[in-house]
Number of protein chains: 2
Amino acid sequence: MITKVLIAEDHESANISVQKTLEELVIINTAYAYYCDDALNKITQAVKAESSFDLLITDLYFEPDGYKQILSGGMDLITAVRKVQPDLKILVFSAENRPATIDQLYSNYDIDGFVRKARHDARELKEAINEIAQHRRYFPRHIKQLIDKKNVYSFSDFDLTIITLLAQGMLQKDIPAHLQNHGIKPSGLSSVEKRLNQIKDALGFTKNEQLVAHCKDLGAI
Amino acid sequence: MITKVLIAEDHESANISVQKTLEELVIINTAYAYYCDDALNKITQAVKAESSFDLLITDLYFEPDGYKQILSGGMDLITAVRKVQPDLKILVFSAENRPATIDQLYSNYDIDGFVRKARHDARELKEAINEIAQHRRYFPRHIKQLIDKKNVYSFSDFDLTIITLLAQGMLQKDIPAHLQNHGIKPSGLSSVEKRLNQIKDALGFTKNEQLVAHCKDLGAI
DNA sequence: CAGCACTTTACGGTTTCCCATAAAAAAAGG
DNA sequence: CCTTTTTTTATGGGAAACCGTAAAGTGCTG
């Protein structure tokens with residue numbers, strides 16, 4: 001049963017609508033944080049006072065506004081919270097739609113649910129909370145589709161290193177030297193070329209610009 | 001005095017919070033549209049019934065979801081609405097933060113106010129509505145700052161056409177033919193090269209890959 | 001219409017990228 | 001330890017991109 005919820009969300013309006021959605025689920029014991037640091041603080045205090053939260057609903061991106069913050073965003077917050085209260089359920093509520101990021105939330109951050117800020121988000125929020133209350137993870141169908149789509153090609157660290165360097169403006173011919181300096185092997189120019197060709201071939205691309213655009217869309221770089 | 005308001009917003013949660021904000025301003029005669037076409041329709045009907053709206057609060061971007069729509073977004077909606085009811089006040093409520101776009105809304109679309117979905121957006125929404133009720137335009141300070149910031153390069157349609165083609169994998173040398181086929185001029189290869197060089201120079205870039213990555217980050221392509 | 005300023009296009013040389021092939025190195029297997 | 005296989009690196013020719021300059025085109029003005 002979920003009775004005590006913390007909302008971490010910098011947008012006042014989004015915060016309001018989550019609050020209202022919770023009201024409709026008859027969850028009245030709610031707290032609000034407009035900064036990640038404050039959210040972590042509230043969770044820590046609640047644990048100390050032995051009245052810990054059951055659920056954290058958090059955004060991913062918090063806009064800086066002059067007040068110095070230690071935690072830079074939702075991902076940081078999740079990592080920090082896990083250390084304080086490992087059993088806290090976490091539901092991410094964000095406009096994020098890049099498959100790689102959402103996938104990462106499930107696999108690496110082990111969150112309990114993800115609801116994208118989109119057309120029927122309020123309804124989905126209710127469904128998600130109900131699912132999580134029954135100790136199930138919430139995995140909307142269209143999110144699953146997004147993640148599955150991503151599997152057209154899985155980039156290795158080596159791939160992403162090369163593509164990132166290209167996206168930063170490094171000349172292809174200068175990449176081998178950079179790889180050597182960082183102890184990455186293989187480092188030969190031919191190896192770089194070969195790798196890029198294999199990726200582009202697998203994705204049906206012809207030019208590096210296309211590959212960079214694709215990785216940006218995926219949020220891989 | 002503003003008494004009758006239409007909210008055009010596809011996100012259910014955002015719609016809810018706007019509604020709640022209006023309630024707090026004791027504006028109870030509100031209607032909701034989750035699609036631009038529906039919004040235009042409601043406005044047209046209201047004009048016909050001689051009970052027209054005083055204010056339209058609209059988002060800029062509406063996500064397609066299968067239902068075919070004529071109007072593709074907030075800008076289209078504003079243009080269409082002006083023809084039906086020129087005196088309707090228009091307040092844009094969007095996460096848009098690109099100075100060029102916001103500037104365009106004021107100068108070309110002649111909107112009455114803009115509130116960015118951000119930290120204190122609900123409070124700003126109230127302020128904006130109060131200002132507009134007194135026939136003033138609402139121009140928050142930080143928005144002005146954004147527009148004044150000139151450290152952002154503003155891409156022309158021509159620029160974006162070229163960059164988009166590159167991002168789609170077209171060879172630079174094949175772009176002139178494509179431009180000619182689409183009646184875009186200039187179309188010479190040298191003009192394309194010159195333009196790309198000017199952009200890259202202005203942004204301190206050296207390679208096309210870098211430029212594509214930057215445009216993807218900006219959401220310009 | 002001539003003159004001028006400016007834009008667009010055309011062209012040639014250089015660099016970088018692309019691609020195929022071969023040599024060298026490393027890994028695998030007996 | 002030697003052979004086989006695979007991976008990595010080196011090399012060279014050709015295509016594309018890059019860069020400067022000259023020519024052609026366009027628009028404005030007197």
Side-chain angles (χ1 to χ4, degrees), chain A residues 151-218 220-221, chain B residues 100 150 153-218 220-221:
Chain A
N151 288 337
V152 282
Y153 189 87
S154 77
F155 295 98
S156 70
D157 286 348
F158 184 67
D159 298 344
L160 293 180
T161 302
I162 298 173
I163 298 171
T164 302
L165 290 174
L166 286 177
Q168 287 170 354
M170 183 171 288
L171 291 178
Q172 208 162 299
K173 73 180 180 66
D174 293 335
I175 291 182
H178 181 273
L179 293 178
Q180 273 195 329
N181 292 341
H182 289 71
I184 302 170
K185 55 184 180 179
S187 64
L189 180 56
S190 292
S191 297
V192 172
E193 291 172 348
K194 186 183 171 187
R195 202 79 210 95
L196 284 172
N197 278 334
Q198 286 177 346
I199 301 169
K200 283 187 282 189
D201 190 52
L203 293 168
F205 293 165
T206 56
K207 307 230 338 137
N208 287 341
E209 285 93 331
Q210 214 175 351
L211 181 57
V212 167
H214 181 254
C215 288
K216 279 288 176 187
D217 283 338
L218 250 59
I221 61 171
Chain B
K150 297 218 170 80
Y153 184 86
S154 79
F155 295 97
S156 69
D157 287 349
F158 184 67
D159 297 344
L160 294 180
T161 303
I162 299 173
I163 299 170
T164 303
L165 290 174
L166 286 177
Q168 288 170 352
M170 185 173 286
L171 292 178
Q172 207 161 298
K173 73 181 181 68
D174 292 335
I175 291 182
H178 181 273
L179 293 177
Q180 274 196 329
N181 292 341
H182 289 71
I184 302 170
K185 57 186 178 181
S187 65
L189 180 56
S190 292
S191 297
V192 172
E193 289 174 347
K194 186 184 172 187
R195 201 81 210 94
L196 284 172
N197 278 334
Q198 286 177 346
I199 301 170
K200 282 186 284 191
D201 190 53
L203 293 168
F205 293 166
T206 55
K207 307 232 336 140
N208 287 340
E209 285 93 331
Q210 215 175 351
L211 181 57
V212 167
H214 180 256
C215 287
K216 278 290 175 188
D217 283 339
L218 249 59
I221 60 171

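Throughout, a chain's letter reflects where its sequence line sits, starting with A, and its residues are numbered from 1.
The side chain of Lys207(A) contributes an N or O atom lying less than 4.0 Å from OP1 or OP2 of dA17(D). Proximity of Ser191(A) to the phosphate of dT9(D): a side-chain N or O atom is located under 4.0 Å from OP1 or OP2.
Of the options Met170(B), Arg195(B), His178(B), a side-chain contact (heavy atoms from CB on, under 4.5 Å) to Ile162(B) is made by Arg195(B) and by none of the others. Applying the side-chain contact (heavy atoms from CB on, under 4.5 Å) test between Thr164(B) and each of Val212(B), Asp159(B), Ile221(B) identifies Ile221(B) as the sole match.
Rounded to an integer number of Å, the gap from CG of Leu189(B) to C1' of dC19(D) is 12 Å. The nearest whole Å value for the distance from the CD atom in Glu209(B) to the C1' atom in dA16(D) is 13 Å.
For the pair Gly188(B) and Leu166(A), both in contact range of DNA chain C, the more 5′-proximal nearest nucleotide belongs to Gly188(B).
Proximity of Glu209(B) to Ile163(A): side-chain heavy atoms (C-beta onward) are nowhere separated by under 4.5 Å. When side chains are defined from C-beta on, Gln210(B) does not count as touching Leu166(A), because their heavy atoms never get closer than 4.5 Å. For the pair Ile184(B)/Asp157(B), no side-chain contact is recorded, criterion being any heavy-atom separation below 4.5 Å from C-beta on. Contact annotation: the side chain of Asn208(A) approaches that of Lys200(A) to within less than 4.5 Å [non-hydrogen atoms, C-beta and beyond].
Residues from residues 168-178 of chain B with heavy atoms under 4.0 angstrom of DNA chain D, sorted by number: Leu171(B), Gln172(B), Lys173(B).
Aromatic ring orientation, His214(B) versus Phe155(B): tilted (interplanar angle from 30° to 60°).
Note that the first and last nucleotides of DNA chain C, 5' to 3', having any atom under 4.0 angstrom from a heavy atom of chain A are dT16(C) to dC19(C).
Between Leu165(A) atom CG and His182(A) atom NE2 the span is 8.0 Å, to the nearest 0.5 Å. If you take OG on Ser156(A) and CD1 on Ile199(A), they are separated by 6.5 Å, rounding to the nearest 0.5 Å.
Using a 4.0 Å heavy-atom distance criterion, Lys185(B) is classed as making no nucleic acid contact.
Scanning both residues, Gln180(A) and Ser187(A), for their nearest heavy atoms gives CG-OG, 3.4 Å. Closest non-hydrogen pair, Lys216(B) versus Ala213(A), comes out as CE-CB, 3.7 Å.
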When you compare the protein's N or O atoms with those of nucleotides 20-24 of chain D, which come within less than 3.5 Å of each other, and at what distance?
none

